[in-house]
Number of protein chains: 2
Amino acid sequence: MLRVSKLADYAVVVLVKLAADNDCVDCGVQTSPSLAASTGVPEPTVAKVLKALSMSGLVLSQRGARGGYRLQRPLETISIAEVIAAIDGPIALTACVDGASSGCEVQRMCAVHGRWDLVNDAIRDALNRITLSEMRAAGIPAFLRTLTPAE
Amino acid sequence: MLRVSKLADYAVVVLVKLAADNDCVDCGVQTSPSLAASTGVPEPTVAKVLKALSMSGLVLSQRGARGGYRLQRPLETISIAEVIAAIDGPIALTACVDGASSGCEVQRMCAVHGRWDLVNDAIRDALNRITLSEMRAAGIPAFLRTLTPAE
DNA sequence: ACCAAATCGGACTGCATTGGTCCGGTTAAC
DNA sequence: GTTAACCGGACCAATGCAGTCCGATTTGGT
């Protein structure tokens with residue numbers, strides 16, 4: 001169904017939450033247990049997400065006692081494309097277009113079915129234009145925006 | 001990894017192939033065995049794809065002996081979004097936004113993670129702008145265009 | 001110097017979705 | 001009447017993902 005992994009969803013949640021206490025980019029760190037508590041996502045999963053996020057340079061990790069995570073860049077400069085790429089790997093709808101080393105096994109018809117890379121670029125482009133700050137919808141508390149009609 | 005199902009990929013192949021012999025929209029029908037032979041995709045899978053495609057009105061089916069399938073509309077008027085929707089269901093990156101009847105189990109935080117529908121719209125929009133005729137890259141025979149740099 | 005708290009970096013398992021197949025029934029041309 | 005094709009299910013295997021856990025390492029505090 002062309003969907004993103006739940007982990008990527010969690011990543012957005014965590015990043016937004018991380019920004020809530022951390023707009024000044026230096027105030028303090030949040031631990032994964034505390035993030036788990038405030039988001040409702042189980043701790044090990046949060047840790048997993050944070051790990052991937054720090055590996056991609058979206059968050060900074062501080063080890064040891066009193067350690068934790070904080071945002072490396074403000075929300076406005078982080079696109080969804082980056083988050084998805086950090087969690088789920090490079091954005092490519094079909095396997096044929098990125099790996100490139102080992103051609104797909106049906107490449108005789110790969111040519112005829114043509115240019116998925118065109119689609120990939122379009123998607124990537126659309127995803128790059130949406131930042132995390134746009135994802136966090138204003139200040140509406142909760143519960144109330146479960147099902148606003150899309151368009 | 002944000003990828004489409006293989007079935008959707010096959011659907012594109014089949015539709016393009018279907019158009020190759022069928023630009024006049026009335027010349028003749030092609031059977032699923034013949035399409036399977038010309039595309040290299042196994043017959044039952046082709047049949048499955050065609051079935052879904054006809055259910056969505058993208059192809060016309062003709063039953064009985066000498067039956068088969070043909071395009072209902074010219075390639076230029078079919079967007080990738082339609083094909084993907086026909087095979088994989090409605091385009092929605094997360095489950096929260098389409099089902100709507102049974103809210104997701106974590107909807108207390110669903111609010112905080114916010115507006116995936118914004119992303120969905122962007123993707124849907126991008127996919128709607130690409131037609132199948134654009135996917136079939138010109139008249140270059142085969143084998144040669146495995147990895148032409150995008151643009 | 002020692003301990004506690006926290007990340008790091010693996011591996012590991014159960015489950016859900018998907019890819020792919022098959023079969024009986026129906027339709028329609030020859 | 002026979003044959004060729006679609007129809008519409010059910011069905012099974014496998015891939016990938018969500019989620020968990022454990023040991024090692026780092027670092028601040030006592």
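To find a chain, count down the sequence lines: A is the first, B the second, and so on, and within it residues start at 1. The figures here come from the full heavy-atom set of this structure, side chains too, leaving out hydrogens, waters and symmetry mates.
Here dT7(C) presents its C1' atom at 15 Å from CD of Q30(A), a figure rounded to the nearest Å. Remark: P of dC15(C) and NZ of K6(A) are 14 Å apart, rounded to the nearest angstrom. Whole-Å rounding puts the E43(A) CD to dA6(C) P distance at 10 Å. The separation between D9(B) atom CG and dT18(C) atom P is 15 Å, rounded to whole Å. Rounded to an integer number of Å, the gap from CZ of R3(B) to P of dT15(D) is 12 Å. Protein atom CG of D88(B) is 7 Å distant from nucleotide atom P of dT18(C), rounded to whole Å. For L35(A) and dT7(C), the CG to C1' distance is 13 Å, given to the nearest whole Å. Distance, R70(A) CZ to dT7(C) P: 14 Å, rounded to whole Å.
For R129(B), the salt bridge (charged side-chain N to carboxylate O under 4.0 Å, His left out) partners at least two apart in sequence or on another chain are D125(B). A search for side chain to side chain contact (heavy atoms under 4.5 Å, CB included) contacts involving N128(A) returns S79(A), A81(A), not counting sequence neighbours.
Comparing atom distances between the L7(B) side chain and each of dG19(C), dT20(D), dT7(C) picks out dG19(C) as nearest.
Hydrophobic clustering places L7(A) together with V83(A) (ILVMFWY residues linked when any side-chain heavy atoms are closer than 4.5 Å, directly or through intermediates). Under the 4.5 Å side-chain contact rule for hydrophobic residues, W116(A) and L118(A) share a cluster.
Within a heavy-atom distance below 4.0 Å of DNA chain C, the residues of residues 46-65 of chain B found are K48(B), R63(B), G64(B), A65(B).
Proximity of a side-chain donor or acceptor of S38(B) to a complementary backbone N or O of L35(B) within less than 3.5 Å is detected.
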Q: Go through L58(A) and R73(A) one step at a time and tell me if the side-chain contact (heavy atoms from CB on, under 4.5 Å) criterion holds.
A: CA-CA 7 Å; L58(A) 289 178; R73(A) 288 184 279 150; 3.3 Å; yes
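The nearest heavy atom of DNA chain D to A8(A) and to G68(B) marks one nucleotide each, and the one closer to the 5' end goes with G68(B).
Checked for salt-bridge contact, R124(A) and D121(A) meet the test: a charged N lies under 4.0 Å from a carboxylate O.
The phosphate of dG20(C) has OP1 or OP2 within less than 4.0 Å of a side-chain N or O from Y10(B). For the pair T45(B) and dT21(C), the criterion of a side-chain N or O lying under 4.0 Å from OP1 or OP2 is met. For S5(B) and dT17(C), the shortest distance from a side-chain N or O to OP1 or OP2 is not below 4.0 Å.
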